[in-house]
Each structure stands twice: as C-alpha cells, then as structure tokens.
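One structure is given here, and the rest of the page talks about it.
Keep in mind that what you see is a predicted model, and the values were worked out from it rather than measured. Residue numbering restarts at 1 for every chain, and letters A, B, ... go by the order of the sequence lines.
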Amino acid sequence: MARVSFQTLPGTRDLLPPASDRMRALVQAFAAEAEQAGFGQIVPPMFEDLGVFTRLGEATDVVKKELYAFEDMGGRKQALRPEFTASVCRAYAQHRPLTPWKTWYAGPAFRQEKPQKGRYRQFDQVGAEVIGSHDPDLDVELIALAWRFYQRVGLTNITLLLNTLGDKAERPAYLAALQDHFNANLDSLSEKSRETLAINPLRVLDSKRPPDQPLIEAAPKILDFLSEDAAKAFERVKAGLDTLGVAYEVAPRLVRGLDYYTRTTFEFVGSGLDAAQNAVGGGGRYDGLVADLGGPDEPGVGFALGVDRTLLALDAEDAFPAADCQPQVFLVCTTGGFEAMVASDELRRAGLRVDRSFDHRSMKAQMKAANRSNAQVAVIIGPDEAENGTVSIRPLDDRPQFSTGRSEMTEKVKEQFLS
RNA sequence: GUGGUCGUAGCUCAGUUGGUUAGAGCAUCAGGUUGUGAUCCUGAGGGUCGGGGGUUCGAAUCCCCUCGAUCACCCCA
C-alpha cells in the first residue's frame with residue numbers, strides 16, 4: 001500500500017549517458033589545458049570546518065543562507081563546500097607547498113538555493129588557483145587558461161568582463177564615496193538595493209534592477225581610486241591579455257559575489273544564453289584570504305567555471321557533442337555456451353569496445369540489439385560456427401558478411417576498423 | 001524564501017461543456033516457418049491520469065491542501 005518511490009532531491013539530478021559522457025569529456029578537456037599550463041590537481045574534501053567557508057564573507061548570500069551546514073556526532077560544525085577557493089587556501093595553509101603553487105580542480109559544490117535553469121544545489125565546477133605571487137602575469141595566465149579552454153571545447157559566444165577592485169588600503173575611501181553617492185540619492189534606489197547598501201555598498205553596483213541603473217551609471221568608479229601599484233597591475237593585466245589576443249571588456253561595475261576579492265576580478269558571460277544565469281565562470285585575486293584562514297600572508301588568484309553552465313552555453317552553439325562510448329563490436333551467439341563470453345573477453349583485451357546480449361535471446365533479437373547498439377561489426381557464433389571452429393563476421397553496413405577461423409577472429413575484426 | 005506556468009504509459013503528447021472497460025505516435029517485446037539488423041505487416045505488455053482530501057449519482061476533467069518540475073525575482077557557477 002505505502003508504495004515508496006524516491007527521486008532526486010530538488011536541485012540535484014542523475015547524469016546518464018550521453019550527458020554524463022559529455023560532462024566527463026569537458027572536465028578532461030579542462031584537465032588537459034590546465035596541466036599543459038603547469039597546474040597540478042588538488043582533490044580537497046567536499047566538506048570542511050564551517051569556519052573555512054564563513055571566511056568567504058559573513059555578508060554574502062553564499063555564507064549567510066546557502067551553506068549546507070551541519071554538525072558531526074561530536075558537535076563539530078562543518079559544511080559542504082559552496083566553492084573551492086577556500087579549500088585551496090586552507091590546503092595551502094596546511095601543507096605549505098612551494099610557491100607559486102598552481103593547482104586545478106574539478107568536482108561538485110553545494111549551495112542551498114531555489115533551483116532553476118543552470119542553477120543546481122549540487123553543481124560542478126572546474127577551476128584553477130595560484131597561491132603565493134603578486135605577479136599580475138599570473139592573472140593573465142589564469143584568464144588565458146580559461147579562455148583557451150573555451151576555445152578548445154568550441155565555445156565562441158563568450159565575453160570576458162574585466163575589472164579591478166583595488167587593494168584593501170584604498171577600499172575604504174571608495175566605499176565611502178559610494179555610500180555618499182547612494183545616500184544622497186536614496187529615494188531613487190530600489191528597496192532591495194537600499195538593504196544591500198547597508199551591508200555592502202559594492203554589491204549595489206551589481207543590481208540588475210532597472211530603476212537603479214541611472215544611479216549606478218553615475219556612481220564613482222573604482223578606477224579613479226586605485227593606488228599606483230594597483231593601477232600598474234591592472235595595466236599589466238590588460239596589456240598581457242592584449243598581447244595574447246584575449247578579447248576583454250573593462251566593466252567598472254563588475255563586483256563579484258564573494259567578499260574576498262581584491263585587484264583583478266573577471267567574469268565570463270555567455271552571450272548566447274537566454275537564461276538569467278549567464279555567468280559561466282569568474283574569478284579574481286584574493287590577497288589576504290590565505291591569511292584569514294590562518295596561513296601566511298600570501299596572495300592568491302584564481303577562477304572557477306560552472307560546468308553545467310558551460311555545457312548550456314555549448315548547447316546554444318550546438319557545440320561539443322557527446323563523446324562516443326558505444327560498442328564497436330557486438331557479439332551474437334545462440335549456442336547457449338560460453339562462446340560469446342570468451343570471444344568478447346578476447347576482443348576487449350585486444351582493445352575493442354565490445355558488447356553482447358544476454359538472456360538467451362533469438363538470433364533475430366540479438367541482431368536487432370546489435371544494430372541498435374550502433375556497433376559497426378557483429379560477430380556471430382551459432383552452433384555451426386562453434387562446431388567448425390569459425391565465426392561469422394558481419395559488418396553492419398553494406399559490406400558483405402564472411403566467415404573466418406575462430407583463431408583469426410580478433411585480427412579479422414580489427415581489420416574492419418582500418419578503413 | 002516570494003511569484004507565474006505545469007504534472008495523463010519508458011518518451012512526446014491527445015483527452016471535447018465532468019458521463020460507460022483512459023487513447024495515439026515513438027520506444028519495448030513477440031511473431032511474419034528452417035540461424036541474420038535498420039524498412040514493412042500483425043499482435044502483445046505497459047497508466048490507482050504526481051499524492052491526499054472534498055463536491056457529485058458519476059472526476060484525468062471542478063475546489064482545497066500537499067509534493068515535484070520549470071521559469072522569473074534575489075544571488076551566483
């Protein structure tokens with residue numbers, strides 16, 4: 001009576017072929033790109049001490065209301081990671097590898113939000129971080145890494161937005177100027193933005209609410225407040241991108257959701273996406289975060305790309321089709337013996353992708369299965385073949401079927417794939 | 001968390017103003033004589049119409065609740 005039926009929780013889903021193959025291929029493409037650039041992989045745990053993540057900014061939504069926090073049996077407060085950067089910084093502080101420490105990662109992150117298109121509670125990211133250098137050339141190298149990755153997978157409708165948020169030192173003056181500007185025009189600011197203003201004036205710039213736009217346009221720009229060092233670094237980043245031919249757009253109002261950013265910030269926006277979630281990736285510098293997590297005062301810079309959103313953007317361009325993991329050879333066997341088992345094992349050891357059917361189905365049914373599997377070749381073993389020590393090799397296109405000795409099977413099958 | 005739309009077979013959907021055993025296409029399975037796929041023909045299986053309650057002689061159809069999906073706001077990958 002009480003018929004139980006379970007399904008995936010809101011914001012989570014099962015990835016089945018071919019979607020799962022496609023995602024894995026995307027991650028592999030990123031891994032290849034990152035490792036070519038000298039990044040090594042880090043695999044941090046999916047949950048950490050709660051404090052690791054609350055350092056991301058007490059005022060951010062990610063920490064305030066989206067964290068999957070819980071306690072272990074001993075009452076230790078912990079949380080599922082909402083992103084990787086904090087874990088990477090923690091890992092640096094814990095292990096103190098040589099700097100600059102270049103590392104890449106891939107895996108799921110968790111945020112408790114209302115799901116919608118391109119937004120899941122468990123979502124996958126790939127990303128890269130560098131700890132231990134102030135060199136703006138690393139900012140460039142990271143942006144270029146993301147950019148080359150997009151090129152590699154065939155994503156073209158993508159815009160790189162670039163900004164700098166200056167150093168911690170000049171931030172107060174800028175924040176004060178922003179406060180003054182918005183306070184002077186409080187009436188024309190939306191209610192939401194007024195709330196945001198009280199918490200973090202920077203993020204008011206991020207509002208997409210139409211009534212706020214004129215005021216945001218008129219707001220003071222961080223570029224006018226930069227220290228000489230920060231300004232020089234920003235120039236170096238832009239020049240570097242120019243040199244590599246990476247197109248970007250300076251977006252003075254680009255602020256990002258996490259509070260830890262300093263200097264360079266950037267975001268990749270999918271222009272082909274009609275969804276509200278058009279940010280497919282983003283990152284920036286976070287000088288000070290490592291120290292916040294109990295490490296030495298080492299600077300850091302990095303980015304994360306949303307795997308699902310990248311895939312969505314690729315969909316919009318009909319690019320990056322699912323990888324082919326279908327069998328090449330299908331074994332049809334009606335003897336009831338072990339012939340199919342042995343033959344498919346042999347072909348697999350020879351490096352071929354091989355499948356067969358089970359449950360002793362009729363030859364007709366097995367041939368249908370062979371056809372449906374999209375294998376190029378069927379190998380048929382019936383009582384006659386078994387008796388004569390032969391197999392029948394039937395290409396599943398127009399080529400003719402032929403018979404060959406059982407001992408030559410693997411060789412003859414492989415020949416089918418040479419042309 | 002707030003709001004809009006939606007929820008009928010594995011998939012895509014149809015179901016007229018509430019009226020008899022809820023349909024189609026695709027898919028699946030089995031046949032179309034002796035061991036051979038994609039086409040074609042025939043047939044079969046498969047749904048407590050998301051779940052619960054209510055109105056009614058009668059509900060997939062009307063009302064309420066609930067769960068889920070989806071889109072948007074917020075925020076972000």
Handout entry: Nearest-neighbour nucleotide for the A/Glu66 side chain, B/C75, B/G37, B/C76 considered
Key = B/C75
Practice task
Considering just the side-chain nitrogens and oxygens of A/Gln116, establish if one lies under 4.0 Å of OP1 or OP2 belonging to B/U70.
Solution key: no
Exercise for the section: Would you please confirm or rule out a distance under 4.0 Å between OP1 or OP2 of B/A77 and any side-chain N or O of A/Arg256? Expected result: yes
Handout entry: Short side-chain donor-acceptor distance under 3.5 Å, A/Thr99 and A/Glu298
Key = no
Distance between the [atom1] atoms of [N] and [M], in whole angstroms?
N: B/G46; M: B/U28; atom1: C1'; value: 9 Å
N: B/A60; M: B/G23; atom1: P; value: 13 Å
N: B/C13; M: B/A27; atom1: C1'; value: 14 Å
N: B/C64; M: B/C26; atom1: P; value: 39 Å

Practice task
Whole angstrom is fine here: how far is it from CD in A/Gln112 over to P in B/U2?
Solution key: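 Checked: the CD to P distance equals 14 Å.
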Exercise for the section: Spell out yes or no: do the side chain of A/Arg119 and the base of B/C75 have one donor N/O and one acceptor N/O closer than 3.5 Å? Expected result: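 For A/Arg119, whose side chain was compared with the base of B/C75, there is a donor-acceptor pair (under 3.5 Å).
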Practice task
Check if the side chain of A/Glu113 and the base of B/A77 share a donor-acceptor pair of N or O atoms closer than 3.5 Å.
Solution key: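 Checked by distance alone, the answer is yes.
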Handout entry: B/S/- contact track for nucleotides 27-36 of chain B, protein heavy atom under 4.0 Å
Key = -SSS-B--BB
Problem - Electrostatic pair A/Asp167:A/Arg285 at N-O distance under 4.0 angstrom - result: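 Answer for the salt bridge query: no.
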Completion exercise
RNA chain B nearest-nucleotide lookup for A/Gly282 and A/Thr8: closer to the 5′ end is A/Thr8
Handout entry: First encountered from the 5' end of RNA chain B, between A/Gln7 and A/Asp397
Key = A/Asp397
Between protein and nucleic acid, restricted to nucleotides 7-11 of chain B and to nitrogen or oxygen atoms under 3.5 Å apart, what atom pairs and distances do you find?
none

